[in-house]
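Please read all numbers here as calculations on a predicted model, not as lab measurements.
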Amino acid sequence: MDPAPDLLFYVNGRKVIEKNVDPETMLLPYLRKTLRLTGTKYGCGGGGCGACTVMISRYNPSTKKIRHYPANACLTPICSLYGTAVTTVEGIGSTKTRIHPIQERIAKCHGTQCGFCTPGMVMSMYALLRNHPEPTMDQLTDALGGNLCRCTGYRPIIDACRTFCKTSGCCQSKENGVCSLDEERNGLPECEEGNKTSPELFSEEEFLPVDPTQELIFPPELMIMAEKQPQKTRVFGGERVTWISPVTLKELLEAKFKHPQAPVVMGNTSVGPEVKFKGVFHPVVISPDRIEELNVVNHTRTGLTLGAGLSLAQVKDILAEVVQKLPDEKTQTYCALLKHLRTLAGQQIRSMASLGGHIVSRHLDSDLNPLLAVGNCTLNLISKEGERQIPLNEQFLSKCPGADLNPQEILVSVNIPHSRKWEFVSAFRQAQRQQNALAIVNSGMRVFFGKGDGVIRELSISYGGVGPTIICAKNSCQKLIGRPWNEETLDAACRLVLDEVSLPGSAPGGKVEFKRTLIISFLFKFYLKVSQILKRMDPGHYPRLADKYESALEDLHSTYHWHPLNYQNEQLWQLPQDPIGRPIMHLSGIKHATGEATYCDDMPAVDRELFLTFVTSSRAHAKIVSIDLSEALSLPGVVDIVTSEHLQNVNSFATETFLATDEVFCVGHLVCAVVADSEIQARRAADRVKIVYQDLKPLILTIEEAIQHKSFFEQERKLEYGNVDEAFKMVDQILEGKIHMGGQEHFYMETQSMLVVPKGEDQEMDVYVSTQFPRYIQEIVASILKLPANKVMCHVRRVGGAFGGKVVKTGVMAAITAFAASKHGRAVRCTLERGEDMLITAGRHPYLGKYKVGFMNDGRILALEMEHYANGGSSLDESLLVIEMGLLKMDNAYKFPNLRCRGWVCKTNLPSNTAFRGFGFPQTGLVTESCITEVAAKCGLSPEQVRTINMYKEIDQTPYKEEINAKSLIQCWRECMAKSSYSMRRATVEKFNAENYWKKKGLAVVPLKFPVGLGSVAIGQAAALVHIYLDGSALVTHGGIEMGQGVHTKMIQVASRELRMPLLNVHLRGTSTETVPNTNVSGGSVVADLNGLAVKDACQTLLKRLEPIINKNPQGTWKDWAQTAFDESISLSAIGYFRGYESDMNWEKGEGHPFEYSVYGAACSEVEIDCLTGSHKNIRTDIVVDVGNSINPALDMGQIEGAFIQGMGLYTIEELNYSPQGVLYTRGPNQYKIPAICDIPTEMHISFLPPSENSNTLYSSKGLGESGVFLGCSVFFAIRDAVCAARQERGLSEPLPLDSPLTPEKIRMACEDKFTKMIPRDEPGSCIPWNVRV
């Protein structure tokens, strides 16, 4: 063999030559560790979140064209990049050179909060603009479909990108091009106040124009290389893997002949995740490069031949072109394929994945294979032996030996025949989320009538997701041939197909009854669709579809409209340079967009740095019999393995134990920690640690099991008000009910990460960590190292999202990392992979709420008794506080004159659940609202009427005897009803529901009272440190953590106002226990409130000192004043302090004053559901919030919107699944779906009440971080409303308890109809289910 070639490619216009390349290296670690380009982020490692998006450009010498496409760097092997040009976020612009218009606009439109997803968003958008300089709105949402954001709610990101569209305004979102501002929205006139808009949050006029001449050119050297270079195979050999890159078909066949077992890899989107997540190992990988035969596009008389090497994105474009050119009757299969290609994965994966790879991988939930199978497609294979053609049929899909590729064969191309006249093909799929989500069930169906008599000549139906492979219902189709296309045939078809495509009750993936229902619901949709076409083709011969059925044929499309935002104008008395109340851009916005903002894992490696990874328990409750570390320790690069034996008497802190000693209490329990020279070595060694377990009883996973075993933490918590028992005797009706609510994963984009650096003298330690609570980290590290706190310093620059999940578990992991660093005297880094993070850190508590309610016939609730159970997991963590806060806030907006409410934390064998935005209220509030809805149904009233009649009056008392003024609550409620045109839209919804049988709309309005406060004065104290330097610049430090909510931006606004100093003169670095000691946790919506009051205090102290100097020289600058003060020996540094809001709560008496104020609001949401599949679409949401006096309306709007979308995910699509053995299945974005761009409401209106009464908060502002989460349940109740309409029409009057989250499965199974009755049901206990509800 020739000597190994060099790997040559370009990154951001600079040549990269790698001499000893390891084929196992992916582009992401290469960019981050080798080239130190840390703008590209690690988010999930599986291509599911888009944080690592880069643009790849390839030159094709035969067409002389350059193809630019987005790609996930985490799945791109660097060996596949030979001859390409890679562009990362650093390459398109930086603050040091010039920033790119995309970077500028996403920052100035407030499209960044924590900023961790921003580089990926920027690169997806950049790749789109390189291909379409003036994209349409559809192209834009399509381009961003593979990028997740957990903070913003997407609207500002779309607003920023929309400025590049042909018409930057809203017109193109309407089919007729009429501006939706001129039309009456939804056909309804808007109410008066809505038209008084506020100043814009950003001004488009100031944006940099797009200048294509400024983009990086494709390196001419790579073009010359591609044109001139002799064609020969490249081989890269690593330690364990050999990478073979043939460049001609002959060499490819030669390589496949020599290595028949080697996979052929094009985009690595199938093999990559298998290697990474399933531990599959391939010693040889064959990756063809630019082989023309694999990229053919042949149009023949009978069909289309597509090369197996074409990417799915290219296939999509080719098919779209073909569909435009050919007559409809020939393009049935192509249209069906296009429909699925639009929702399959995200743009990055579609650009990487090849058609051949998708087909040959034969995933059981493949979207294209069922269609290709029914479309009579054939596969062209070739090997050294010669060529042959095989059908893409059920035998091929189930890998039957005779019908499959031989080991030496290559799939070259695919023939997709045209459809014929009287032939119809359809595609169906249902997933947890409309786009970028694997299908739960998908299907391809084809029928051929031969002529216009409507008699079936050919029928082909296949399903994905319902078996180990794609299943074709051959026997059923055979039996239906010769029958007419009518209801009777449909009925027979449903029964036959259910019989043939049988699904066992314990099938992997669960949702068994839902899948069975979808099998026949899809069949019914196909029946309707074909009937409709037949009717159009021959009106005389075929009966007309019932009008009410027409809607079943339309898919719920996610389009995007213009979103008006109304906020308060700045005060009339404000000076023009006063920044308070103005939409100042996030301090780090531009740096987020250029990738220059550094997060914990972006910090450069320290000399001799080690990497630590955890070994976690694989059993939920077991005794550790033995741990064998010998094999792991013998691996190269492994330095140490830390176990509980090393920690001995420092193995716990407060309620948390660090490493398991002799028993494990959950899957994910930390057992030991491997320390090695590199991340790869540490992870390999962790896999070799051998632990023997002996299972213990009882295994308690669910809340019901905990109640049965009386497994609780501590005592119950109880609130009582009035006389409940007496009140129950006086009411007209009594109702009992319960609701279960699933948990939620934080899914902060930046996983847990930390770096501990021993300073080498006096045992000092620097801890750099992504946390919300530096003081806790300092204390826990000092405790494990037996050091005083003054030797341990914790530094936090910024956090890539936290939402409550970066406190307790972060401390435990930081302590173990610090122990290893101290033991070896070397820096140790620890960064969790997404799957580990989801497993170890858990999330929001699953809840069970039981209620007994006594009410009058007019809807007045007089007595309410409630029981709340939270699934706390295996350790206490912050669960008790969560239960307490949930109890104190459970009344939401309602006055219950007689109330008894009790709460328990269940101790179970799950990872310990922890704090999460909203802190108990999103669960208890839902239980209360659910109870109100049930009462309304019993009284025959609308839920809105019952909400109004029970709402707090102006001056009132809460259950814990705190006095409140609910004037703003009533104002928000009335304004929300008016702004959303509720009563008119209610009539429109009812009309729609009367006219449509298979689609239903729902509408719901939910009020909000969110009390803000921490329940004690001590945890509300805050401090700040302000220095003024002699050049007149100021440095501000405070105890709050910047995690996306913009607290640093607000602090600079405060300092600027108080010191009357321009914003540009004030700087803020980060948070550190070195500058501000004894800080409190950043959470509970009060970070800006408390720290702002401390900053204000410090500034006022300084100003007071300097007043005489300023009065003497009023025209002077800060530089003059600072110099004079120095000359007069006046200190230019001040500490600011705020002691905390007055706050107390006595649980013995059940009374107190725990909260300082409440955020009031209301949200109205309208949805449409598809009763046959269970999917839903958010049509419109109106939110009104009382924000007091907003310090920064752009940031506050972002908090409310982001929280609302997060709450909407909580109540609808985010579903955690656990096995009956307590193993978490959902460990990444492929299994766990957070809202994506396709989920946001088509229309969204947010408005703030005018500034309200002056309070003793910071400039009368309110903390808005958490309150919006609960408003997401307006979508839950709108769906419930739609489901009730469907049930009513089907004559089902009995109440239906709907639990949260309202997933497609729950929606579909609640809309009972003839199909849900037809499916076989499993007897409880007849099989072990795939998952359990915890």
Residue pair G1039 / N1091: nearest heavy atoms and the distance that separates them: N-OD1, 3.2 Å

Within 45° of the axis and under 6.0 Å from the centre of the six-membered ring of F747, does NZ or CZ of R834 qualify? yes

Any T616 side-chain heavy atom under 4.5 Å of V667 side chain: no

Considering residues at least two apart in sequence or located in another chain, which fulfil the side chain to side chain donor-acceptor pair (under 3.5 Å) criterion with T88? N12, E90

Would R844 and E878 satisfy salt bridge (Lys or Arg N to Asp or Glu O under 4.0 Å), going step by step from the backbone distance to the final call? CA-CA 11 Å; R844 193 185 294 281; E878 301 190 53; over 6 Å; no

Do the side-chain N and O atoms of E596 and T95 include a donor-acceptor pair separated by under 3.5 angstrom? yes

Take S1165 and S1274, measure what side chain to side chain donor-acceptor pair (under 3.5 Å) needs, and give me the verdict at the end. CA-CA 6 Å; S1165 289; S1274 60; 2.8 Å; yes

Worked verdict on Y599 versus F116 for ring pair (Phe, Tyr, Trp, His ring centres under 6.0 Å): CA-CA 8 Å; Y599 298 82; F116 201 79; 5.0 Å; yes

Could you check whether atom CZ of R1069 has more than 12 heavy atoms from other residues, nucleotides or ligands sitting under 6.0 Å from it? no

Please check if any side-chain donor atom of N147 sits under 3.5 Å from a side-chain acceptor atom of Q348, or the reverse. yes

When you compare the side chains of S1085 and E1266, does any donor N or O come within less than 3.5 Å of an acceptor on the partner? yes

Donor-acceptor side-chain pairing of S879 and H845 below 3.5 angstrom: yes

Any ion pair linking R32 and D601 (charged N to carboxylate O, less than 4.0 Å)? yes

Is the distance between the ring centroids of F1270 and F1010 under 6.0 Å? no

Angle between ring planes, H746 versus F916, binned at 30° and 60°: parallel, tilted or perpendicular? parallel

Scanning both residues in full, the closest heavy-atom pair of R683 with T831 reads NH2-O, 3.1 Å

If we only count heavy atoms from C-beta on, is the V54 to L27 side-chain gap below 4.5 Å? yes

Mind checking whether H586 and H592 have parallel, tilted or perpendicular rings, split at 30° and 60°? tilted

Which heavy-atom pair separates S124 from A143 by the least distance, and what is that distance? CB-O, 3.7 Å

With the side chain counted from C-beta on, respond yes when R798 and S588 share a heavy-atom pair under 4.5 Å apart, and no when they do not. yes

Checking S1082 against Q772 for the side chain to side chain donor-acceptor pair (under 3.5 Å) test, could you report, in this order, the C-alpha distance in whole Å, the side-chain angles of both residues, the deciding distance, and whether it holds? CA-CA 5 Å; S1082 286; Q772 294 169 256; over 6 Å; no

What's the shortest heavy-atom distance between N436 and K1233, and which atoms? O-NZ, 3.3 Å

Can you check whether K806 reaches F773 side chain to side chain, under 4.5 Å on heavy atoms? no

T594/Q103 under side chain to side chain donor-acceptor pair (under 3.5 Å): CA gap, chis, key distance, verdict: CA-CA 6 Å; T594 58; Q103 295 170 324; 5.4 Å; no

Does the side chain of Q1045 come under 3.5 Å of the side chain of Q113 through a donor N or O and an acceptor N or O? no

Any side-chain donor-acceptor pair under 3.5 Å between Q1231 and N1217? no

